[in-house]
Amino acid sequence: MAILVTGGAGYIGSHTCIQLLKENYEVVVLDNLSNSSPKALQRIEEITGKTVMFYQADLLDRQAVERVFEENNITGVLHFAGLKAVGESVEKPLYYYHNNITGTLILCETMRSCGVKTLVFSSSATVYGTPERVPISEEAPTGAANPYGRTKLMIEEILRDLHQADSDWRIALLRYFNPIGADESGRIGEDPTGLPNNLMPFITQVAVGKRDKLMVFGDDYDTPDGTGIRDYIHVTDLAEGHLKALEKIAAETGVKTYNLGTGFGYSVLDIVHAFLEATGVQVPYEITDRRPGDIASCYADPSLAEKELGWRAKKTIRDMCCDAWRWQQHNPNGYQ
Ligand code: NAD
Ligand code: WQD
């Protein structure tokens, strides 16, 4: 009995593999390595002392996906594989729709034909678009502002339709807020290619001397210090949320939607200060224009996940900064 982790070599998938192995699940990873390194998988094995069955394969390659199911006794799937860069999705919408949506269709069709109907999907807080109010509960209106976000919304709808047509499906849609940090070993972490899009990898790259300064995208938002507020969640807490979701859907059929966030909002400057306090490293910054498409404030109401999954984020912003820094310091060039 094994869990298939699509995108298991990636940032969140690799951390979730560690939690699965620690809980004695058998783990099979399918990843095309388009945005990840096989070294992540080696290190997962070093950290846990357990092995991972790895298929370097593309979800768009139906035969390869079928082979993974034929060769393993898969009982459930954690589906992380997807493209995630918002800006790139605006420039290459067809690439995003094809990879994320067609990939999910092929996965679900294969699952159905093999009688595997347990699926945890990586959705995103981006499905809430510009929220009317914060904290954001799962009932808040949805409406994504870019092709990447729309792939998440469309896949959510596809999975609801799938359950509507066949009530044997057991599906969890997990809407992540802003995952940061790294495994406390410092051996695996977030490894963006090129210029990081996201705040924490940018901060750690400035701290390690790879970049001169952080550009803070706007200080004129309607927030206490004028910079954008987000709900940063430690990737290990997020990974644990997946195991809880898997247990929940093992116990009951249906489609469940959960926010995975801490419920606390921190501004960009709060993070810069927290990073200094946690690591002793001052990150120089400059205020620049707002980034198009950014919103002022976004943080979760995570109470449903606490009530129904018995899960809540435990790690502090200090833990997130310390662990992100340990990973970056020990691996200044990521997995290279
Ligand atoms: P990531 O890029 O590190 O991991 C995704 C993995 O999927 C990569 O290893 C990539 O090689 C693989 N992949 C992509 N397309 C594939 C395909 N067609 N076939 C096989 N493998 C493929 O990203 P991540 O940060 O770990 O995100 C994981 C999931 O969580 C994604 O679906 C992402 O959209 C979602 N998510 C991420 C964030 C975030 O801020 N990191 C927030 C919300 C949701
Ligand atoms: C956080 C804050 C920026 C970089 C994105 C995606 C979203 C989700 C998570 C997948 C904002 C500010 C950032 C920098 C800055 N991904 N910032 N300088 O924008 O909340 O969400 O990643 O689903 O879909 O849109 O995260 O880390 O990019 O930004 O000032 O160099 O940091 O303006 O206020 P975001 P982020």
Side-chain angles (χ1 to χ4, degrees), residues 5-16 29-38 40-41 55-61 64-65 78-87 89 95-96 98-100 102-104 106-107 121-129 144-146 148-149 151-152 155 174-180 189-193 195-203 205-206 211 213-219 221 223 227-233 235 238-239 242 260-261 265-272 285-299:
V5 184
T6 75
Y11 172 48
I12 305 169
S14 59
H15 287 82
T16 308
V29 167
L30 178 151
D31 199 305
N32 63 7
L33 302 181
S34 60
N35 196 37
S36 51
S37 164
L41 298 165
Y55 291 83
Q56 182 173 350
D58 199 304
L59 273 182
L60 299 172
D61 179 350
V65 178
L78 302 186
H79 178 30
F80 296 97
L83 299 167
K84 64 166 182 177
V86 172
S89 81
Y95 176 48
Y96 269 67
H98 189 52
N99 189 78
N100 291 5
T102 312
T104 302
I106 291 172
L107 173 68
F121 173 61
S122 301
S123 188
S124 168
T126 197
V127 301
Y128 296 116
N146 54 66
Y148 163 70
T151 70
K152 294 295 177 194
I155 293 168
L174 302 183
R175 294 174 174 168
Y176 315 154
F177 281 68
N178 289 59
I180 60 170
E190 188 169 10
D191 183 20
T193 39
L195 196 68
N197 292 312
N198 297 114
L199 179 64
M200 184 54 88
F202 209 105
I203 286 179
Q205 289 197 7
V206 173
R211 314 212 172 262
K213 60 187 167 193
L214 170 72
M215 299 299 179
V216 175
F217 298 143
D219 68 349
Y221 285 104
T223 62
T227 67
I229 288 181
R230 297 290 182 276
D231 185 338
Y232 297 95
I233 175 169
V235 65
L238 192 66
H242 289 73
L260 295 186
Y266 288 91
S267 74
V268 177
L269 295 181
D270 287 338
I271 298 295
V272 171
Y285 66 84
E286 181 186 325
I287 308 289
T288 58
D289 290 345
R290 292 182 178 194
R291 183 170 64 179
D294 272 358
I295 53 178
S297 188
C298 172
Y299 54 95

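Every value quoted in this text rests on a predicted model; they were computed, and no experiment measured them. In listed order, ligands and their atoms are each counted from 1.
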Identify the protein heavy atom lying closest to [atom], giving its residue, its atom name and the separation to 0.1 Å.
atom	result
atom 3 (O) of ligand 1	Tyr11 N, 2.8 Å
atom 40 (O) of ligand 1	Pro179 CD, 3.4 Å
atom 32 (O) of ligand 2	Val268 CG2, 3.5 Å
atom 19 (N) of ligand 1	Leu59 N, 3.0 Å
atom 30 (O) of ligand 2	Phe217 N, 2.9 Å
atom 4 (O) of ligand 1	Gly10 CA, 3.5 Å
atom 21 (N) of ligand 1	Asn32 N, 3.1 Å
atom 10 (C) of ligand 1	Asp31 OD1, 3.4 Å
atom 26 (O) of ligand 1	Ile12 N, 2.8 Å
atom 24 (P) of ligand 1	Lys84 NZ, 3.8 Å

*Answer whether the closest heavy-atom distance between the side chains of Arg211 and Lys213 falls below 4.5 Å.*
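In short, these two side chains do not touch, never coming nearer than 4.5 Å.
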
*Do Gln205 and Pro196 come close enough that some side-chain heavy atom pair is under 4.5 Å?*
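With C-beta onward as the side chain, the pair touches.
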
_Tyr285 touching ligand 2 at heavy-atom level, < 4.0 angstrom_ =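 It does not; every heavy atom stays at 4.0 Å or beyond.
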
*Say whether Tyr148, considering both its backbone and side-chain N or O atoms, lies within less than 3.5 Å of an N or O atom on ligand 1.*
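The answer is yes, given that Tyr148 and ligand 1 share an N or O pair closer than 3.5 Å.
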
*asked:* Taking distance alone, with N or O pairs closer than 3.5 Å, would you say Ser124 contacts ligand 1?
replied: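 Not met; the criterion fails.
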
What atoms of ligand 1 come within less than 4.0 Å of a heavy atom belonging to [X]?
X	value
Ser123	43 (C), 44 (C)
Ser36	8 (C), 9 (O), 11 (O)
Ser122	29 (C), 30 (O), 32 (O), 35 (C)
Asn35	1 (P), 2 (O), 10 (C), 11 (O)

Examine the proximity of ligand 1 to [X] and report which part, side chain or backbone, both or neither, has a heavy atom under 4.0 Å away.
X	value
Ala125	neither
Lys152	side chain
Asn198	neither

Contact partition for [X] relative to ligand 2, non-hydrogen atoms under 4.0 Å:
X	result
Thr126	side chain
Tyr148	side chain
Ile229	neither
Asn198	both
Tyr221	neither

May I ask you to check if ligand 2 and [X] share an N or O to N or O distance below 3.5 Å?
X	result
Lys84	no
Met215	yes
Phe202	no

*asked:* Can you confirm whether or not the ring centre of Phe80 sits under 6.0 Å from the ring centre of His15?
replied: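 Distance test on ring centres: not under 6.0 Å, no.
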
*Using the test ring pair (Phe, Tyr, Trp, His ring centres under 6.0 Å), find all partners of Phe202 that sit at least two apart in sequence or belong to another chain.*
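Applying ring pair (Phe, Tyr, Trp, His ring centres under 6.0 Å) to Phe202 gives none.
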
Any idea which atoms of ligand 2 are less than 4.0 Å away from a heavy-atom of [X]?
X	answer
Ser124	10 (C), 23 (O), 24 (O)
Gly228	34 (O)
Asn178	20 (O), 21 (O), 26 (O), 35 (P)

_From Phe80, Phe177, Phe121 - option closest to atom 32 (O) of ligand 1 by heavy atom_ =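 Among Phe80, Phe177, Phe121, the closest heavy atom to atom 32 (O) of ligand 1 comes from Phe80.
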
*asked:* Just to be sure I'm reading this right: ignoring hydrogens, which of Asn99, Val65, Leu60 gets closest to atom 18 (N) of ligand 1? Compare them by their nearest heavy atoms.
replied: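 Selected option, by shortest heavy-atom distance: Asn99.
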
_If you apply the rule side chain to side chain donor-acceptor pair (under 3.5 Å), what do you find for Ser36 with Asp31, and how did you get there?_
CA-CA 8 Å; Ser36 51; Asp31 199 305; 3.3 Å; yes

